[in-house]
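Just so it is clear, the model here is predicted, and its values are computed rather than measured.
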Amino acid sequence: MKKILVNTLKPGMAFNKPVYIDPDNVLVEAFEALKPSDLTRLTKWNIQEVETDGDPTKPKIKQEIVIPEGPERNDIVKVKDQLKKAAAELDKVDNIILDGEKLLEEAYTVITEEKAFQISRVRDLAEKITTLMHDNPLCFMHLYHLEGKNTLYRHVVISAIFGAKLAGSLKFSQPKIIELVFASLLMDVGMVLLPLSVRMKEGKLNPDEINKLHTHPLRGYQLLTKVVKAKNSIALVALQHQEHYDGSGYPQHIGGEELSEYARIAMIADSYTAVLEDRTYRSRKLPYDAMKELLALGIFYYDPNYMRSFLNTFSVYPVGSLVEMSDKRVGIVVSTVPEKPMRPIVYILRDSNEERPENAYFIHLLYHTDLYIAKAIFPDESGINYMQEMDLILQSN
């Protein structure tokens, strides 16, 4: 490939081969005109040169894709606006995760040392999460594409965000969602009291280690009631988030309506988040596989009404999942269809020849019954850079 100095590039220039920032990241595709925002990005990232096998040429004029009139068009127009807003606030989601991790590490440490902590700071985080989920309904899709190491504190923040999404679909009021998120953020404080040999063990726990693990809900409840002086509705989530709807969980072996409504939501979000994460004893799973696992356990472990709402909200192929279609096109699921979990709206990122389409577009599978999702895929299998795709969404009309 030949190198081209960035300071020689101008808006409107195009090449007959893709232009690369590096071997894994395309700046513009073949015949695609450079935009001012492309050059701004290069300057911002302090990139001095790019590479291409192509030569300068005239850019192709993109043809606008016409969205059909009627319900299909209305759904696509709505999700298009939501997707652009999600892309615009990607950094906001990252910052909530990072700030939340730091705050909870501090909070959990101080609380387990039985010292005073300004717990209103955690409630402020709960309000931020609730507001973000209300104002930006697709922002949670970023959670499937986060970089960085899994920690107890990251797990709790992500669980709380998923819980807020589920509570919203259940039509909880904003004050109730804030309280749920607040409780979810504090639910694992008892884990800090466990030995690292239990928390970080590779492989299966032995019976003694399992017994120690099973103490963390009660110990967390005691810390929240005695040290934090949290009200019972908050502390109960720590006590009950490892229970099961059929009574087979721990530590009290209670189920059904005996469980608080907040705990019944938190246990779904907590389990779902755990399956998505790399653990010392197994690799992370795709959102599709995480959903399948929860659905398989749902009749025993989770409130069936809440689980039904969870499926309708997130879909079998959850929003944010990368999927391959039956005709080999690849896209990202961006919206669900209630009661039709196999027929979501997909934003197409690659055509059947593994090329980025000239104009990105949506397929509403409810109206295209000749197509279906063949499988879910990991981003690294597809060669798709999620961050780059979000950037392109921002630049689109």
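Using a 4.5 Å cut-off between side-chain heavy atoms of Ile, Leu, Val, Met, Phe, Trp and Tyr, with links allowed through other members, L132 and F182 fall into the same hydrophobic cluster. Hydrophobic clustering (ILVMFWY, side-chain heavy atoms < 4.5 Å, transitive): L143 and V316 are in one cluster. Residues V337 and I332 fall into different hydrophobic clusters, defined by Ile, Leu, Val, Met, Phe, Trp and Tyr side chains chained together at heavy-atom separations under 4.5 Å.
Surrounding NE2 of H214 are more than 12 heavy atoms belonging to other residues, nucleotides or ligands, all under 6.0 Å away. Within 6.0 Å of CE on M1 lie more than 12 heavy atoms contributed by other residues, nucleotides or ligands. Within a 6.0 Å radius of CD in E354, other residues, nucleotides and ligands contribute 12 heavy atoms or fewer.
Between E114 and K226 there is no salt bridge, since no side-chain N of the basic residue sits under 4.0 Å from a carboxylate O of the acidic one. A salt bridge between R199 and E209 is absent, with no side-chain N of the basic residue lying under 4.0 Å from a carboxylate O of the acidic one. Salt bridge E389/R356: present, at least one basic N to carboxylate O contact under 4.0 Å. Salt-bridge annotation for R284 and E277: absent, with no side-chain N of the basic residue lying under 4.0 Å from a carboxylate O of the acidic one. Between K285 and E293 there is a salt bridge, with a side-chain nitrogen of the basic residue lying less than 4.0 Å from a carboxylate oxygen of the acidic one. Between R41 and D38 a salt bridge is recorded (basic side-chain N to carboxylate O distance below 4.0 Å).
The shortest heavy-atom contact between A87 and I393 is CB-CG2, 4.0 Å. Of all the heavy atoms in V334 and L138, the pair that sits closest is O-CD2, 3.2 Å. Of all the heavy atoms in A290 and L276, the pair that sits closest is CB-CD2, 3.8 Å. In terms of heavy-atom proximity, G220 sits nearest to A238 at C-CB, 4.2 Å. Minimum interatomic distance between E89 and N136 (heavy atoms only, all atoms of both residues): OE1-ND2, 2.9 Å. L294 and V275 get closest at one heavy-atom pair: CD1-CG2, 4.5 Å.
Judged as a ring-ring contact (aromatic ring centres under 6.0 Å, His included), and not counting sequence neighbours, the contacts of Y301 are H244. Shown here are the salt bridge (Lys or Arg N to Asp or Glu O under 4.0 Å) partners of K115, two or more places apart in sequence or in another chain: E113. The ring-ring contact (aromatic ring centres under 6.0 Å, His included) check on Y221 picks up nothing, with sequence neighbours excluded. Every residue two or more places apart in sequence or in another chain was checked for a ring-ring contact (aromatic ring centres under 6.0 Å, His included) with F172, and none qualifies. Judged as a side-chain hydrogen bond (donor to acceptor under 3.5 Å, both in side chains), and not counting sequence neighbours, Y317 has no contacts. Judged as a ring-ring contact (aromatic ring centres under 6.0 Å, His included), and not counting sequence neighbours, H253 has no contacts.
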### Stepwise side-chain contact (heavy atoms from CB on, under 4.5 Å) check, E324 with R329
CA-CA 6 Å; E324 183 178 298; R329 283 182 286 184; over 6 Å; no
#### Entry: Worked verdict on E49 versus K2 for salt bridge (charged side-chain N to carboxylate O under 4.0 Å, His left out)
CA-CA 10 Å; E49 56 187 22; K2 53 192 174 187; over 6 Å; no
### Query
Are Q395 and K35 close enough, and set up right, to give a side-chain contact (heavy atoms from CB on, under 4.5 Å), and what steps lead you there?
CA-CA 9 Å; Q395 299 170 33; K35 297 180 288 296; 2.9 Å; yes
### Task
Please step through side-chain contact (heavy atoms from CB on, under 4.5 Å) for the pair V346 and I348, ending with a clear verdict.
CA-CA 6 Å; V346 180; I348 299 300; 4.0 Å; yes
#### Entry: L218 and Q252: CA distance, side-chain angles, deciding distance, side-chain contact (heavy atoms from CB on, under 4.5 Å) verdict
CA-CA 9 Å; L218 179 58; Q252 295 177 296; over 6 Å; no
### Verdict with supporting geometry, Y386 and H142, side chain to side chain donor-acceptor pair (under 3.5 Å)
CA-CA 9 Å; Y386 178 78; H142 300 325; 2.5 Å; yes
### Task
List the steps, then state whether ring-ring contact (aromatic ring centres under 6.0 Å, His included) holds for F310 with Y306.
CA-CA 6 Å; F310 184 72; Y306 289 2; over 10 Å; no
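Y250 and E243 share no side-chain donor-acceptor pair at under 3.5 Å. Between T336 and S315, the side chains place no donor N or O within less than 3.5 Å of an acceptor N or O (distance only, hydrogens not considered). Checked by atom type, the side-chain pair N46/Q48 shows a donor-acceptor distance below 3.5 Å. One side chain, H368 or E72, offers a donor N or O that lies under 3.5 Å from an acceptor on the other.
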Please output the side-chain donor-acceptor pairs of residues 116-130 that fall under 3.5 Å, not counting sequence neighbours, one pair per line with the distance.
{"unit_1": "R121", "atom_1": "NH1", "unit_2": "E106", "atom_2": "OE2", "d": "3.1"}
{"unit_1": "R121", "atom_1": "NH2", "unit_2": "E106", "atom_2": "OE1", "d": "3.0"}
{"unit_1": "T130", "atom_1": "OG1", "unit_2": "A126", "atom_2": "O", "d": "2.8"}

Side-chain donor-acceptor distances from residues 263-274 under 3.5 Å, at least two apart:
{"unit_1": "R264", "atom_1": "NE", "unit_2": "L259", "atom_2": "O", "d": "3.2"}
{"unit_1": "R264", "atom_1": "NH1", "unit_2": "D303", "atom_2": "OD2", "d": "2.7"}
{"unit_1": "R264", "atom_1": "NH2", "unit_2": "L259", "atom_2": "O", "d": "3.3"}
{"unit_1": "D270", "atom_1": "OD1", "unit_2": "H155", "atom_2": "NE2", "d": "2.5"}
{"unit_1": "D270", "atom_1": "OD2", "unit_2": "Q242", "atom_2": "NE2", "d": "3.4"}
{"unit_1": "S271", "atom_1": "OG", "unit_2": "M267", "atom_2": "O", "d": "2.9"}
{"unit_1": "S271", "atom_1": "OG", "unit_2": "Y302", "atom_2": "OH", "d": "3.0"}
{"unit_1": "Y272", "atom_1": "OH", "unit_2": "Y144", "atom_2": "OH", "d": "2.6"}
{"unit_1": "T273", "atom_1": "OG1", "unit_2": "S159", "atom_2": "OG", "d": "3.2"}
{"unit_1": "T273", "atom_1": "OG1", "unit_2": "A269", "atom_2": "O", "d": "2.7"}

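Ring-plane geometry between Y108 and Y153 is classed as perpendicular, the angle between the planes exceeding 60 degrees on a 0 to 90 degree scale with a lower cut at 30. Ring planes of F362 and Y347: tilted class, angle from 30 to 60°.
A donor-acceptor pair under 3.5 Å is absent between the side-chain atoms of D351 and the main chain of P357, judged by distance alone. One N or O on the side chain of K85 and one on the backbone of D135 form a donor-acceptor pair closer than 3.5 Å. A distance-only check finds no donor-acceptor pair linking the side chain of S260 to the backbone of L236 [under 3.5 Å]. Checking side-chain atoms of N385 against main-chain N and O of M387 turns up a donor-acceptor pair under 3.5 Å.
Applying the side chain to side chain donor-acceptor pair (under 3.5 Å) test to residues at least two apart or on different chains, the pairs with a partner in residues 5-23 are D22-N25. Judged as a salt bridge (Lys or Arg N to Asp or Glu O under 4.0 Å), not a single pair has a partner in residues 161-175 (not counting sequence neighbours).
Residues I4, V6, L9, M13, V19, I21, L27, V28, L34, L39, L42, W45, I47, V50 make up the rest of the hydrophobic cluster containing F15, defined by ILVMFWY side-chain heavy atoms closer than 4.5 Å, directly or through other members. Other members of the cluster containing F378 are L286, with ILVMFWY side chains joined at under 4.5 Å, either directly or via other members.
The CG atom of L194 sits 7.0 Å away from atom NE2 of H216, with the distance rounded to the nearest 0.5 Å. Within the model, atoms CE of M133 and CD1 of I96 stand 9.5 Å from one another, a figure rounded to the nearest 0.5 Å.
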